[in-house]
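Treat the numbers as computed from the prediction; the structure is a model and nothing was measured. Every chain is numbered from 1, with letters handed out A, B, ... down the list of sequences.
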Number of protein chains: 2
Amino acid sequence: MNSDETCARDRLLHAAAEVFGECGYKGATVRDICRRAGVGIALVNYHFRDKEGLYLEVFRNLFTRALREYPPDMGLNESPSTEERLHAFIRSLLYRLTMMEGRHAIMLREWLDPSPSLVKLHAELTNPLLKVLSEILSGLVDPHIPQEQTAHCATSIIGQCMFYSPHSMRFRLQAFPMYQERQIDTIARSITAFSLGGIRAINEEFRARGESHEG
Amino acid sequence: MNSDETCARDRLLHAAAEVFGECGYKGATVRDICRRAGVGIALVNYHFRDKEGLYLEVFRNLFTRALREYPPDMGLNESPSTEERLHAFIRSLLYRLTMMEGRHAIMLREWLDPSPSLVKLHAELTNPLLKVLSEILSGLVDPHIPQEQTAHCATSIIGQCMFYSPHSMRFRLQAFPMYQERQIDTIARSITAFSLGGIRAINEEFRARGESHEG
DNA sequence: AGTTGTTCTAAACAGACGTTCAAAACAACT
DNA sequence: AGTTGTTTTGAACGTCTGTTTAGAACAACT
């Protein structure tokens, strides 16, 4: 690769993101990472203490960078409706997932199958995002519906996005082409419409049950 | 464990399902598996050729057993409506995922992150299920809607089920209790209602766009 | 009891793994 | 040129990996 210009530490981080993404934490070897980075194997100890320290640094780096590039309110005008905010949230999540897939499948893999030592960090980073989503949903779901049901809606929405990610089974098996931006936007609109309909149905069902209980 | 009664081969399969589920393919070691099964390490070679052969056998076993116990038309009366068939499909999928989580998280892990050597087998086993789902959806989605959009709906539904599975991030982080049957049924009803609403919204949007194009 | 085939084990093999250490290369400042 | 501190390396360490081998235990049948 480009062994020049950037310093060894950065090249190490870059290669580590690739290899961890391709092979997972256990599957990746520090030898492979260092070979791709063009550095000696002792560097991972010097810069990051050990393999786990390198993994943690890569993870935090990618997460914050993706969030900076595609924030949850991405592409919104100044006074957006709640529906528009939900669409922006879904679209930005899909973009982040796709971006990570490019060279950074590590994030996706971590999301699906978190490493034990990183669960705390993971919660720290993702919980604010869940807060954003549930705040958006509070403007869409009937306020009388129990919070548990709202959480179900949030899970349904995130689940759809996660499963659309290129790493998911369907796209692996059927060899779908890599997503282009337009395709992501199409999928984002589809998931948004589907989810708004789902929320509406949940609201209607709740109201119908409420009336039948009263009557 | 129960080193008696069952033969060594079965104990090996049982332990392998546990360990593969907990640690993944790379993370699991044949030594650990054989220790839990209470057999010598050479048995994996004798019965299954190598580690991969054992993994493949475990996978096929669990998949077919789960499908036999919770078929996609589970608990349907004799002349079900399309909505009821969708509900049965979702409910059976959730039950299978939960059953596998008990001792058989291997299936779930494979679904999220398939091992390279098993992609063909995986497609072979899951494609019939996708066929069932899309057949159900053909009775719900407007027949004029392009097939691609219908596939989006299928993905949305499966994605919701997958993400509700105990292995998913949310439940790991927030330490939800293990699902009981009633909870699964509740979630199945929620996902079904959500999805039916989603499909209806997709239909309405399509018709609205069609009218605006014509008018 | 003897033979045959299957099932299982303990011990050893070769290789890959993460990690460490002494020393080399380098930069910066005196 | 000499000193100091940082960065990087090659080689080695001990451990753990999947796999194999030679043989023990066992069952079934003669």
Peer 1: Between which nucleotides of DNA chain C, 5' to 3', does chain B make heavy-atom contacts below 4.0 Å?
Peer 2: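 Both ends considered, the range comes out as C:dT6 to C:dA12.
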Peer 1: Quick one: B:Arg31 CZ to D:dG18 C1', roughly how many Å, whole number?
Peer 2: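 So the two atoms are 7 Å apart, to the nearest Å.
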Peer 1: How close or far is atom P of D:dT8 from atom CG of A:Leu12, stated in whole angstroms?
Peer 2: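 After rounding, the reported distance stands at 10 Å.
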Peer 1: Need the pair for C:dA25. Rule: Watson-Crick or G-U wobble, both distances under 3.5 Å, any strand; none if unpaired.
Peer 2: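 D:dT6 is the nucleotide pairing with C:dA25.
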Peer 1: Under the salt bridge (charged side-chain N to carboxylate O under 4.0 Å, His left out) rule, what pairs show up with a residue in residues 85-94 of chain B, not counting sequence neighbours?
Peer 2: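 Every pair satisfying salt bridge (charged side-chain N to carboxylate O under 4.0 Å, His left out) with a residue in residues 85-94 of chain B: B:Arg85-B:Glu135, B:Arg91-B:Asp185.
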Peer 1: Can you list every side chain to side chain donor-acceptor pair (under 3.5 Å) pair that touches residues 39-50 of chain A, not counting sequence neighbours?
Peer 2: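 Pairs touching residues 39-50 of chain A that pass the test: none.
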Peer 1: Please, which pairs that meet ring-ring contact (aromatic ring centres under 6.0 Å, His included) have at least one residue in residues 75-96 of chain B, sequence neighbours excluded?
Peer 2: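 Qualifying pairs: B:Tyr70-B:Tyr95.
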Peer 1: Strictly below 4.0 Å, heavy-atom distances to any atom of DNA chain C: list the hits from residues 42-50 of chain A, or just say none.
Peer 2: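 Residues of residues 42-50 of chain A that come under 4.0 Å of DNA chain C are, in numerical order, A:Ala42, A:Asn45, A:Asp50.
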Peer 1: Distance check, rounded to the nearest 0.5 Å: A:Leu54 atom CG versus A:Leu13 atom CG?
Peer 2: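 So the CG of A:Leu54 and the CG of A:Leu13 are separated by 6.5 Å.
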Peer 1: Tell me which of A:Lys51 and B:Arg9 sits closer to the 5' end of DNA chain C, going by the nucleotide each one is nearest to.
Peer 2: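 Its nucleotide being nearer the 5' end, the pick is B:Arg9.
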Peer 1: Determine whether the side chains of A:Arg182 and A:Thr186 contain a donor N or O and an acceptor N or O closer than 3.5 Å.
Peer 2: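 No pair is found: no donor N or O on one side chain lies under 3.5 Å from an acceptor on the other.
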Peer 1: Mind calculating the distance between CZ (A:Arg35) and C1' (D:dT9) to the nearest angstrom?
Peer 2: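 Interatomic distance, CZ of A:Arg35 to C1' of D:dT9: 16 Å.
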Peer 1: Would A:Lys51 count as a cation-pi partner of A:Tyr25, with NZ or CZ less than 6.0 Å from the six-membered ring centre and within 45° of the ring normal?
Peer 2: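 Yes, a cation-pi geometry holds between A:Lys51 and A:Tyr25.
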Peer 1: For B:Ala8 and for B:Ile41, find the nucleotide of DNA chain C with the closest heavy atom, then tell me which residue's nucleotide is more 5'.
Peer 2: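 Its nearest nucleotide lies further toward 5', so the answer is B:Ala8.
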Peer 1: List for me each residue that meets salt bridge (Lys or Arg N to Asp or Glu O under 4.0 Å) alongside B:Arg189, sequence neighbours excluded, and say none if there are none.
Peer 2: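 Not a single residue meets the salt bridge (Lys or Arg N to Asp or Glu O under 4.0 Å) criterion with B:Arg189.
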